[in-house]
Number of protein chains: 2
Amino acid sequence: MALASENLTKNQKTVLDILENSSEPLKAYTILFDIQKKGIKSPLQVYRALDKLIEIGKVHKIESRNSYVACKHEGCNAKTSTSFLICENCDSVTELTGNNLISYFSKQAEKNNFNYKKHNLEIFGLCKNCKLKN
Amino acid sequence: MALASENLTKNQKTVLDILENSSEPLKAYTILFDIQKKGIKSPLQVYRALDKLIEIGKVHKIESRNSYVACKHEGCNAKTSTSFLICENCDSVTELTGNNLISYFSKQAEKNNFNYKKHNLEIFGLCKNCKLKN
DNA sequence: CTTAAAATGTTATATTATAACATTACATTA
DNA sequence: TAATGTAATGTTATAATATAACATTTTAAG
C-alpha cells in the first residue's frame with residue numbers, strides 16, 4: 001500500500017503544492033486565483049481538493065481565519081484534531097504536536113462528564129521573530 | 001460605574017436575549033430571522049450587536065461553526081480567549097473556565113519561543129446526556 | 001474488459017460577513 | 001440648555017466563503 005500522498009490527483013497536487021510553498025496559511029479564493037493558470041477554474045475544484053487533503057491529514061484548516069495550511073509532519077496524526085500557534089504580527093503558523101495536549105484535554109473534558117473525541121486549538125500571540133522586532 | 005450589560009442598546013438587548021434563551025449556539029442569520037418582528041431588518045444590525053456583545057464578553061463566537069453563544073458566567077473574563085466543550089450529537093456547548101488552561105497554553109507556547117496572548121479552544125465529543133443515550 | 005467508486009467540470013446558488021454613507025440618540029460639559 | 005463628540009442606527013449594496021446539483025471522465029480493483 002502506497003502513502004496517501006502518492007495517490008494524489010492533479011488538482012490535489014496543485015493545491016497541496018501551493019500550500020506547501022507558502023510561508024503562511026492561504027484562503028481558498030487566494031489559492032483559486034493563484035492557480036487558475038493551471039487549469040483550475042472554479043471554487044469547487046479548490047474546495048474539493050482541500051477536503052481530500054484535510055481528510056488525509058496533509059492540510060489543516062485554521063477555523064478562525066478561514067484559511068488552510070499544509071502540514072509539515074510526516075504521517076501527521078492530526079487528521080481530526082489540530083493545535084496551532086498563530087502569530088498576530090506576521091500570520092505565520094506553527095503546529096503543536098505530541099499527544100500530551102490530547103490527554104490533557106481528555107482530562108479537562110472528563111471533569112465535565114464529557115467524552116473527548118477531538119479538538120481545535122488556536123493560540124494567538126507573537127512568534128520568535130516578531131517578539132524580537134517589537 | 002454601571003455594568004456593561006446595563007448599558008446595552010435595544011438591538012444589543014434583543015440579540016443577547018435570544019442567545020440567552022437558546023439551548024445551543026445560533027447563527028447570525030438564524031438570529032436575524034427570529035427577531036425580524038422586533039424591528040431588526042438587516043444582517044448588519046445583527047453583526048453589529050454581536051460585535052459589541054463579544055467585545056464586552058457577554059457573547060462568544062464558536063469559530064468552527066460560525067455560530068454565537070451567550071456567556072453564562074458573571075463578569076466572564078473570556079473577552080478574548082474562549083474554551084468550549086461542543087457536543088457532536090446535540091450541539092450543546094459548555095464553556096470551560098479557570099485560568100489553568102491559560103497557564104498551560106502559555107507554557108506550551110513558551111516551549112516554542114512563542115509569546116502567548118490569547119486562544120480559542122474547541123473540544124468536540126459527547127456531552128453527559130448524549131453519552132448515556134448512545 | 002468490466003464495473004464501481006472517486007474525481008472532475010460546470011453552472012448556479014447558498015451562506016456568512018462587511019463597505020459605504022447618511023442619520024439619529026445620547027452622555028458630557030461648557 | 002446648547003454645543004459637541006462618540007457611539008449606535010438604518011439602509012442599500014456587495015464582498016467573501018462555501019455548497020448543491022448533475023452530467024461526464026478517470027481510476028483502480030476484480
Side-chain angles (χ1 to χ4, degrees), chain A residues 1-19 22 24-69 79 91 120 122, chain B residues 1-19 22 24-69 79 91 120 122:
Chain A
M1 164 181 165
L3 287 171
S5 57
E6 290 175 0
N7 296 331
L8 296 180
T9 65
K10 181 164 159 289
N11 285 0
Q12 290 159 7
K13 277 180 196 151
T14 303
V15 170
L16 181 57
D17 187 60
I18 192 171
L19 282 172
S22 170
E24 70 222 33
L26 297 177
K27 294 182 167 252
Y29 278 73
T30 303
I31 295 171
L32 174 60
F33 179 81
D34 287 351
I35 60 182
Q36 285 190 328
K37 57 184 72 164
K38 299 203 177 175
I40 290 186
K41 294 174 186 167
S42 80
L44 200 43
Q45 292 173 297
V46 173
Y47 282 108
R48 286 202 279 226
L50 287 172
D51 284 349
K52 183 66 181 183
L53 292 166
I54 288 169
E55 186 189 324
I56 65 176
K58 298 296 288 183
V59 166
H60 306 312
K61 181 173 184 181
I62 315 283
E63 292 288 355
S64 67
R65 303 199 162 184
N66 299 316
S67 59
Y68 303 85
V69 64
K79 288 181 178 54
D91 290 324
N120 290 332
E122 301 175 2
Chain B
M1 161 179 167
L3 287 173
S5 57
E6 289 175 1
N7 295 330
L8 295 180
T9 64
K10 183 165 159 288
N11 286 359
Q12 290 158 9
K13 277 180 196 151
T14 304
V15 170
L16 180 57
D17 188 58
I18 192 171
L19 282 172
S22 170
E24 70 221 36
L26 297 177
K27 295 185 166 246
Y29 279 73
T30 303
I31 294 172
L32 175 59
F33 179 81
D34 287 351
I35 61 183
Q36 285 192 327
K37 59 184 72 163
K38 299 204 176 173
I40 291 187
K41 293 174 186 167
S42 80
L44 201 43
Q45 292 173 298
V46 174
Y47 282 109
R48 286 202 279 227
L50 287 172
D51 284 348
K52 183 65 181 183
L53 293 166
I54 288 169
E55 186 190 323
I56 65 176
K58 298 297 286 182
V59 166
H60 306 311
K61 180 174 183 181
I62 315 283
E63 292 288 354
S64 66
R65 302 199 163 183
N66 299 316
S67 59
Y68 303 85
V69 64
K79 287 182 178 54
D91 290 323
N120 289 332
E122 301 175 2

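Letters A, B, ... are given to chains in the order of the sequence lines, protein chains preceding strands, and every chain is numbered from 1.
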Quiz item: Of the candidate nucleotides C/dC21, D/dA18, C/dT8, which contains the atom at the shortest distance from the side chain of A/Ala28?
Solution: D/dA18
Quiz item: Are any side-chain N or O atoms of A/Lys58 and backbone N or O atoms of A/Lys52, one a donor and one an acceptor, separated by less than 3.5 Å?
Solution: no
Quiz item: So, B/Glu122 side chain and B/Ile62 main chain: donor-acceptor pair closer than 3.5 Å or not?
Solution: no
Quiz item: Which heavy atom in A/Ala28 sits nearest to a heavy atom in A/Val46, and how many Å separate them?
Solution: O-CG1, 3.7 Å
Exercise. Send over the distance from A/Leu44 CG to C/dA14 P, rounded to a whole Å.
Key: 15 Å
Quiz item: Do you know the tightest heavy-atom contact between B/Asp91 and B/Arg65?
Solution: OD1-NH1, 2.6 Å
Quiz item: How close or far is atom C1' of C/dT10 from atom CD of A/Gln45, stated in whole angstroms?
Solution: 8 Å
Self-check item: For the student: nearest non-hydrogen atoms of B/Asn11 and B/Ala49, plus distance
Solution: O-CB, 4.0 Å
Self-check item: Separation of D/dT27 P from A/Asn11 CG (nearest whole Å)
Solution: 12 Å
Quiz prompt | Heavy-atom closest pair, residues B/Lys38 and B/Lys10 | solution = O-NZ, 3.7 Å
Quiz item: Toward the 5' end of DNA chain C, which comes first, A/Lys41 or A/Lys52, by nearest nucleotide?
Solution: A/Lys52
Quiz item: Is A/Lys27 near enough to D/dT17 that one of its side-chain N or O atoms lies under 4.0 angstrom from OP1 or OP2?
Solution: yes
Quiz item: With a 3.5 Å cut-off and just heavy-atom distances, do the side chain of B/Tyr29 and the base of C/dA17 make a donor-acceptor pair?
Solution: yes
Quiz item: Mapping B/Pro43 and B/Gly39 onto DNA chain D by nearest heavy atom, which one lands closer to the 5' end?
Solution: B/Gly39
Exercise. Using modelled atom types only, decide if a donor and an acceptor are shared between the side chain of A/Ser22 and the backbone of A/Ile18 within a distance under 3.5 Å.
Key: no
Quiz item: How many Å lie between CD1 on B/Ile54 and C1' on C/dT16, as a whole number?
Solution: 13 Å
Self-check item: B/Leu8 CG - D/dA7 P separation (whole Å)
Solution: 16 Å
Practice problem: Would you mind reading off the distance between A/Tyr47 atom OH and C/dT15 atom C1', rounded to a whole angstrom? | Solution: 11 Å
Practice problem: Return the angle between end axes of the helix from C/dC1-D/dG30 to C/dA30-D/dT1, with five pairs used per end and rounding to 10°. | Solution: 40°
Quiz item: Looking at B/Lys61, does any N or O in its side chain come under 4.0 Å of the phosphate oxygens OP1/OP2 on C/dA17?
Solution: yes
Practice problem: Could you state the atom-to-atom distance from OH of B/Tyr68 to C1' of C/dA17 in whole Å? | Solution: 8 Å
Exercise. Name the nucleic acid region contacted by A/Ser42, choosing base, sugar-phosphate or nothing; use a 4.0 angstrom heavy-atom cut-off, strictly under.
Key: base
Quiz item: Where the side chain of A/Thr9 is concerned, which of D/dA18, C/dT8, C/dA17 is the nearest nucleotide?
Solution: C/dT8
Self-check item: Selection from C/dG9, D/dT11, D/dT17 that lies nearest to any side-chain heavy atom of B/Arg48
Solution: D/dT11
Quiz item: What integer distance in Å separates B/Gln12:CD from C/dA25:P?
Solution: 16 Å
